[in-house]
Amino acid sequence: MEERGYYGQFGGAYVPESLVATFDELESAFRAAKADPTFWADYETLMSSYSCRPTPITFAENLTQHFGGARIYIKREDLNHTGAHKANNVMGQGLLVKRMGKRRVIAETGAGQHGVATATMAAKFGFECTVYMGEVDVARQRPNVFWMERLGAAVVPVTEGSRTLKDAINEAFRDWVSSMDTTHYVLGTACGPHPFPEMVSYFQSIIGREARGQIMKLTGKLPSRVYACVGGGSNAMGIFSGFFDDAGVGLVGVEAGGRGLDTGEHAARLCSNDASIGVAQGYKTYFLQNRDGQMNETHSVAAGLDYVGVSPILAHLKQRGRVRFEAATDREVVDALALTVRKEGIIPALESSHAFAQAFKEAPQLPSDAVILINQSGRGDKDIFTIADAFDDPSWRKFIADKAEAYRARG
Ligand SMILES: Cc1ncc(COP(=O)(O)O)c(C=O)c1O
């Protein structure tokens with residue numbers, strides 16, 4: 001960060017007058033927590049007793065043999081409580097909410113992972129919780145909605161705009177304007193107005209802190225390249241931050257190539273020519289928008305990567321040439337997922353499978369003594385409906401049809 005909340009020309013805090021005091025309060029609480037060594041110690045204790053930290057690194061021996069190039073290692077963020085890296089951020093913000101003395105949390109969610117993680121944190125800390133979710137995402141991620149409700153959260157379907165993640169974020173901000181005295185907005189990724197990009201990246205940096213030491217211990221060297229998928233950018237910021245100062249380590253962010261970069265049906269902001277710099281949702285970054293600044297429809301097989309903006313920190317790191325951005329198409333992603341399941345017995349989330357797909361393209365070109373590290377941001381169980389459709393599995397279709405028939409018969 002060069003100037004308050006800015007990373008080069010990106011970032012800032014474009015917030016309504018009525019929220020300025022709330023953002024100042026949040027920033028002060030965050031600075032005080034960061035300066036207090038007991039805060040990080042409490043955070044680590046919580047994450048080790050409640051969320052399986054430190055997560056391990058797994059050597060993907062069979063995939064390495066299959067590709068015949070670099071040795072492939074996987075950082076296992078899927079083993080976090082609730083199945084994804086989202087827990088790192090929400091538990092950290094939960095501790096901060098306790099320090100601020102607030103009693104209610106709100107969140108936006110796309111794939112539902114961040115919503116489930118926030119509802120889980122609220123259940124544990126005894127907070128009231130409301131989650132905003134686009135109506136389209138409510139329909140395609142019903143199992144996550146089911147769990148959020150069981151965890152005690154009120155899930156509000158958002159019917160504005162394209163009824164996806166960006167609309168859920170707008171609705172959460174609307175709530176916050178009228179509830180800021182009692183409520184904290186748990187933003188789920190390294191986007192939004194300052195201090196969210198910095199704060200979310202700080203909590204996710206636990207991934208990179210662990211990973212650097214673990215890979216050195218396992219292999220005696222630093223990786224040649226580190227791969228992470230990029231939605232808003234939080235898991236990428238988390239793992240990359242462990243290696244920013246290691247000039248020899250290539251950092252590769254993988255965006256949603258959807259149906260192909262030439263189709264316009266994707267969510268690639270940093271590696272396509274379809275995005276331009278703008279201000280929306282309280283910060284400045286690359287957005288997939290039209291000439292009038294209206295947000296475009298995005299597409300990805302992975303709901304968690306289906307977003308119009310991207311972390312201002314990553315936009316800056318791209319401009320400085322520190323992170324390279326690539327895209328993987330839906331087809332490449334499903335193939336990478338299928339291969340990983342068969343070869344390693346590991347089911348990556350569709351989001352994480354973008355990082356796998358790109359690593360698989362590059363691993364064969366690297367020498368056999370090179371090491372590459374993939375961040376597996378989450379586990380794929382949540383994607384069973386989408387994956388079964390992608391494989392066109394007839395037994396699965398019959399199972400769902402029979403279930404529907406049984407529900408219909410019950411009335
Ligand atoms: C498993 C998983 N990975 C990655 C992402 C993308 O988010 P981010 O770019 O903030 O890591 C999501 C978002 O929902 C997710 O659920």
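In this chain, residues are counted from 1 in sequence order. For the numbers below, each heavy atom of this structure counts, side chains included, while hydrogens, waters and symmetry mates do not. When a ligand or atom number is given, it counts from 1 through the structure's own listing order.
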Yes or no: does [X] have any heavy atom under 4.0 Å from an atom of ligand 1?
X	answer
A236	no
C229	yes
H85	yes

Number the atoms of ligand 1 from 1 as they appear, then name those within less than 4.0 Å of a heavy atom of [X], with their elements.
X	value
Q113	16 (O)
G233	8 (P), 9 (O), 10 (O)
L305	6 (C)
G378	1 (C)

Does an N or O anywhere in [X] fall below 3.5 Å from an N or O of ligand 1?
X	answer
G188	no
S352	no
N235	yes

Starting from [atom], find the nearest protein heavy-atom neighbour and note its residue, name and distance.
atom	result
atom 3 (N) of ligand 1	S377 OG, 2.7 Å
atom 10 (O) of ligand 1	T189 OG1, 2.6 Å
atom 12 (C) of ligand 1	K86 CE, 3.7 Å
atom 6 (C) of ligand 1	G304 O, 3.4 Å

Query raised in the report: Just checking, any donor-acceptor pair under 3.5 angstrom between side chains of Q289 and S276?
Result: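 Q289 vs S276: donor-acceptor pair found between side chains.
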Query raised in the report: ring pair (Phe, Tyr, Trp, His ring centres under 6.0 Å) with F59: which residues, sequence neighbours excluded?
Result: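 Partners of F59 under the ring pair (Phe, Tyr, Trp, His ring centres under 6.0 Å) test: Y73.
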Query - Positive for side-chain contact (heavy atoms from CB on, under 4.5 Å) with Y7, one of E198, Q319, K284, R320 - result: E198
Query raised in the report: For the side chain of H114 and the backbone of V186, is there at least one donor-acceptor N/O pair under 3.5 Å apart?
Result: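 Yes, the answer is positive, given that a donor and an acceptor are paired below the 3.5 Å cut-off.
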Do the two ring centres, one from [X] and one from [Y], sit under 6.0 Å apart?
X	Y	answer
F23	W176	yes
H81	Y50	yes
F30	Y202	yes

Query - Full working for side-chain contact (heavy atoms from CB on, under 4.5 Å) between E332 and K361 - result: CA-CA 10 Å; E332 290 167 339; K361 287 181 212 166; 3.2 Å; yes
Requested in this report: Check step by step if side-chain contact (heavy atoms from CB on, under 4.5 Å) holds for R103 and T182.
Outcome: CA-CA 6 Å; R103 308 271 322 137; T182 56; 5.8 Å; no
